[in-house]
2 protein chains.
Amino acid sequence: MATEQGTADELARTLRDAILRLNRRVRQTRAVGELTFSQLSALTSLQLAGALTPRELADVERVQPPTMTKIVGKLEERGLVVRTPHPTDGRQVILAPTEQGREMYAQFEKVRNEWLAEQLAGLSDSERDVLLRAAQIMQQVARA
Amino acid sequence: MATEQGTADELARTLRDAILRLNRRVRQTRAVGELTFSQLSALTSLQLAGALTPRELADVERVQPPTMTKIVGKLEERGLVVRTPHPTDGRQVILAPTEQGREMYAQFEKVRNEWLAEQLAGLSDSERDVLLRAAQIMQQVARA
DNA sequence: CACGATTCTTAGCTTAGCTAATAAGCTTGG
DNA sequence: CCAAGCTTATTAGCTAAGCTAAGAATCGTG
């Protein structure tokens, strides 16, 4: 429909701009030594799932397998994740957070969240509600 | 307030996740030869403003000056932007889109928008409304 | 059991972003 | 009026994120 398409076009522009800028802004809040955005996201997914293969994790994170190899490599270097052989399938590998990974996760995640949470705390209830609903819609769109 | 802080924390997590994934997803829609996300955004800002110095453009884009030097370099290579000396201040440079830049902008922008616009067109009016309002709030937060 | 498919990794590339350092030009205080 | 200090832009050099192509190992199946 012409109207809906027009609105959708406009909205797409605005939304792209908004997520580009907010992404940049949030990334800037990372202190040296902290986990990056992508590393933290991968670790989060592993925490939630308990354990995943690289392929599964790549799918969840919407990234190609070689990209995930790199990200997991960084996490492994820091002792936050372990690779163990798959019990029956020799090709596969099981990725799981270590005890240290679980511990560090909580604190890193908190620090990483701080700046944005502060900004959001300064908004009104209804603004936060809009953001929450929008976030859910965006996650759903990203899955498509 | 405890409640607001709690909600803000939760929301911050969800929102970070949503923009990370949507950003990745949208970036994936780029065909080879097209302008990147960042290049397109810089070109857009130049179009809107007419002309800007690198410093001004970097500020608008929320990026450090050397980063902008690179992005503008790519645009200049492709003949989409010109650098001209500042009339009175010898240190500064004026960046402006070329005629070709203005022409290509429209078409690239359209293509780049397509995938997301399609997804958004499939949503309901009220969902689009939520996203629009959220985008405005996010832009405002990103400015902080 | 050989061949095709799957899984993971390696290699090699581009882009995005940063800080530190440089070069040039501007501005101002003595 | 000029030296000292600020501002602007760029360069150099780094890390990280992402991709594709290609490899090695393993699995499953005809």
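By convention in this document, chain letters (A, B, ...) are assigned in the order of the sequence lines, proteins followed by strands, and residues within each chain are numbered from 1.
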Taking side chain as C-beta onward, heavy atoms only, is B:Thr36 less than 4.5 Å from B:Ile71? no
Do A:Trp115 and A:Gln28 touch side chain to side chain, with heavy atoms closer than 4.5 Å? no
So, are A:Arg128 and B:Glu10 salt-bridged, with charged N and O less than 4.0 Å apart? no
Measure the distance from [atom1] on [X] to [atom2] on [N] and round it to the nearest whole Å.
| X | N | atom1 | atom2 | result |
| --- | --- | --- | --- | --- |
| B:Leu35 | C:dT14 | CG | C1' | 15 Å |
| A:Arg27 | D:dA17 | CZ | P | 8 Å |
| A:Asp59 | D:dG18 | CG | C1' | 16 Å |
| B:Leu40 | C:dT15 | CG | P | 15 Å |
| B:Gln39 | C:dG17 | CD | C1' | 14 Å |
| B:Arg62 | C:dA16 | CZ | P | 19 Å |
| B:Leu20 | D:dA16 | CG | C1' | 13 Å |
| A:Arg21 | C:dA16 | CZ | P | 14 Å |

At 4.0 Å (heavy atoms only), tell me whether [X] reaches a base, stays on the sugar-phosphate, or touches nothing.
| X | result |
| --- | --- |
| A:Thr67 | base |
| B:Lys74 | sugar-phosphate |
| A:Ser41 | nothing |
| B:Arg24 | sugar-phosphate |

What verdict does the side chain to side chain contact (heavy atoms under 4.5 Å, CB included) test give for B:Arg102 and B:Gln47, after you've listed the backbone C-alpha separation in whole Å, the side-chain angles of each residue and the deciding distance to 0.1 Å? CA-CA 7 Å; B:Arg102 276 184 289 271; B:Gln47 298 269 63; 3.0 Å; yes
For DNA chain D, whose closest nucleotide is more 5', that of A:Phe37 or that of A:Gly90?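 In this pair, the answer is A:Phe37.
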Nearest of C:dT15, D:dA17, C:dG17 to any side-chain atom of B:Val63? C:dG17
Quick check on [N]: is either OP1 or OP2 less than 4.0 Å from any side-chain nitrogen or oxygen of [X]?
| X | N | answer |
| --- | --- | --- |
| B:Gln28 | D:dG18 | no |
| A:Thr36 | D:dA17 | yes |
| B:Ser38 | C:dT15 | no |

Once base and sugar-phosphate atoms are separated, protein heavy atoms under 4.0 Å mark nucleotides 3-9 of chain C, 5' to 3', with B, S and - as ---BSSB
Separation of A:Leu131 CG from B:Thr7 OG1 (nearest 0.5 Å):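 Here the interatomic distance stands at 12.5 Å.
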For the residue pair A:Arg24 and B:Ser38, confirm or rule out a side-chain donor-acceptor distance under 3.5 Å.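 Present: a donor and an acceptor within the cut-off.
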Going by the rule salt bridge (charged side-chain N to carboxylate O under 4.0 Å, His left out), which residues pair with A:Glu77 if we only count those two or more places apart in sequence or in a different chain?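 A:Glu77 satisfies salt bridge (charged side-chain N to carboxylate O under 4.0 Å, His left out) with no residue once adjacent residues are dropped.
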